[in-house]
Amino acid sequence: MRNTLLIARRELGAYFATPVAIVFIVIFLVLQGALTFNLGNFFTRGQADLAPFFNFLPWVFLLLVPAITMRLWAEERRLGTIETLLTLPITQTEAVIGKFLAAWAFCGIALLLTFPFVITVNILGRPDNGVIATGYLGAFLVAGAFLSVGAALSALTKNQVIAFVLSVAICFVFAVASYPLVTDFLNQNIPWLTDIARRLGVLDRFQDFTRGVIALRDLIYFATFIGFWLFLNTVIVENRKAG
């Protein structure tokens with residue numbers, strides 16, 4: 001755990017050592033603000049809640065999270081520093097989890113900086129802050145899920161653009177897997193995949209959190225999802241090291 005936290009601190013510090021962190025956070029806040037208050041009709045809905053904020057959040061993550069993860073391993077491989085990293089007295093698992101935790105903490109910081117949205121809705125009305133809190137928990141878990149996918153795919157290539165495109169594509173598949181349009185198509189053409197798609201859909205799980213429901217099955221889903229992709233990330237790094 002000590003080595004993992006050291007890697008996480010090193011990586012998190014690397015984000016804020018360059019303008020990348022500020023640029024990401026500014027873009028994230030501007031996008032969420034524009035989508036929530038303009039396209040989400042925040043002021044004309046007549047409801048004191050953050051439903052528009054949470055409706056757009058996964059789609060913003062879908063584009064911005066891969067931008068964080070694309071450099072996690074691809075940059076290390078391109079610069080040749082991955083060999084130095086993996087020759088340190090740490091295991092591949094510690095390196096993978098450390099990098100992931102740093103990226104997850106960074107996303108958590110970005111989410112925390114949206115606190116003016118919460119203050120605004122509380123000034124305008126009397127929202128259910130418990131529902132808002134569970135919505136933020138769900139958003140944090142969605143960010144973790146997308147980050148785990150992006151980190152694994154970043155380890156596959158030296159090219160950050162390829163890592164970004166692959167991450168967006170795979171995360172999009174999991175995002176829309178349980179949409180009626182997708183499940184109806186599968187039901188008509190590949191029936192046996194329909195139930196699997198419903199179970200794998202990330203956004204359906206997230207919707208439970210935005211309604212104030214913290215179900216054990218959803219927590220297990222996200223833990224399993226993240227664990228699987230981190231395991232895959234470790235296997236890829238191990239194979240690259242061996243090669």
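Since the model is a prediction, treat every value here as computed from it, not as a measurement.
For an aromatic pair to be called close, the ring centres must be under 6.0 Å apart, and Phe174 with Phe225 satisfies this.
Counting heavy atoms from C-beta outward, Glu11 and Ile7 have side chains that approach closer than 4.5 Å. Here the side chains of Phe222 and Val142 are in contact, with some heavy-atom distance below 4.5 Å. When side chains are defined from C-beta on, Val176 does not count as touching Leu203, because their heavy atoms never get closer than 4.5 Å. In this structure, Asn233 and Ser148 have side chains that are not in contact, with every pair of non-hydrogen atoms separated by 4.5 Å or more. Pro52 places none of its side-chain heavy atoms less than 4.5 Å from the side chain of Leu35.
Between the side chain of Ser154 and the main chain of Gly150, no donor-acceptor pair closer than 3.5 Å is present. Checking side-chain atoms of Glu94 against main-chain N and O of Thr91 turns up a donor-acceptor pair under 3.5 Å. Judged purely by atom type and a 3.5 angstrom limit, Gln92 has no side-chain atom pairing as donor or acceptor with the backbone of Val235.
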_Please determine whether ring pair (Phe, Tyr, Trp, His ring centres under 6.0 Å) holds for the pair Phe61 and Phe28, giving the CA-CA distance in whole Å, both sets of side-chain angles, and the decisive distance to 0.1 Å._
CA-CA 9 Å; Phe61 276 157; Phe28 173 70; 5.8 Å; yes

*Step by step, work out the side chain to side chain contact (heavy atoms under 4.5 Å, CB included) result for Ser167 and Thr69.*
CA-CA 8 Å; Ser167 299; Thr69 59; 4.3 Å; yes

*Would you check, one step at a time, whether the test salt bridge (charged side-chain N to carboxylate O under 4.0 Å, His left out) holds for Asp208 with Arg217?*
CA-CA 11 Å; Asp208 287 343; Arg217 66 179 183 275; 3.7 Å; yes

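The side chain to side chain donor-acceptor pair (under 3.5 Å) search around Asn129 returns Asn122, not counting sequence neighbours.
For CZ of Phe16, the number of neighbouring non-hydrogen atoms (other residues, nucleotides, ligands) closer than 6.0 Å is greater than 12. The number of heavy-atom neighbours closer than 6.0 Å to CZ of Arg211, taken from other residues, nucleotides and ligands shown, is above 12.
Chaining together hydrophobic side chains whose heavy atoms lie under 4.5 Å apart leaves Leu181 on its own.
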Under 3.5 Å, which donor-acceptor pairs do the side chains of residues 102-118 form with other protein atoms, sequence neighbours left out?
unit_1: Trp104; atom_1: NE1; unit_2: Phe140; atom_2: O; d: 2.8
unit_1: Thr114; atom_1: OG1; unit_2: Leu111; atom_2: O; d: 2.5
unit_1: Thr114; atom_1: OG1; unit_2: Tyr136; atom_2: OH; d: 2.7

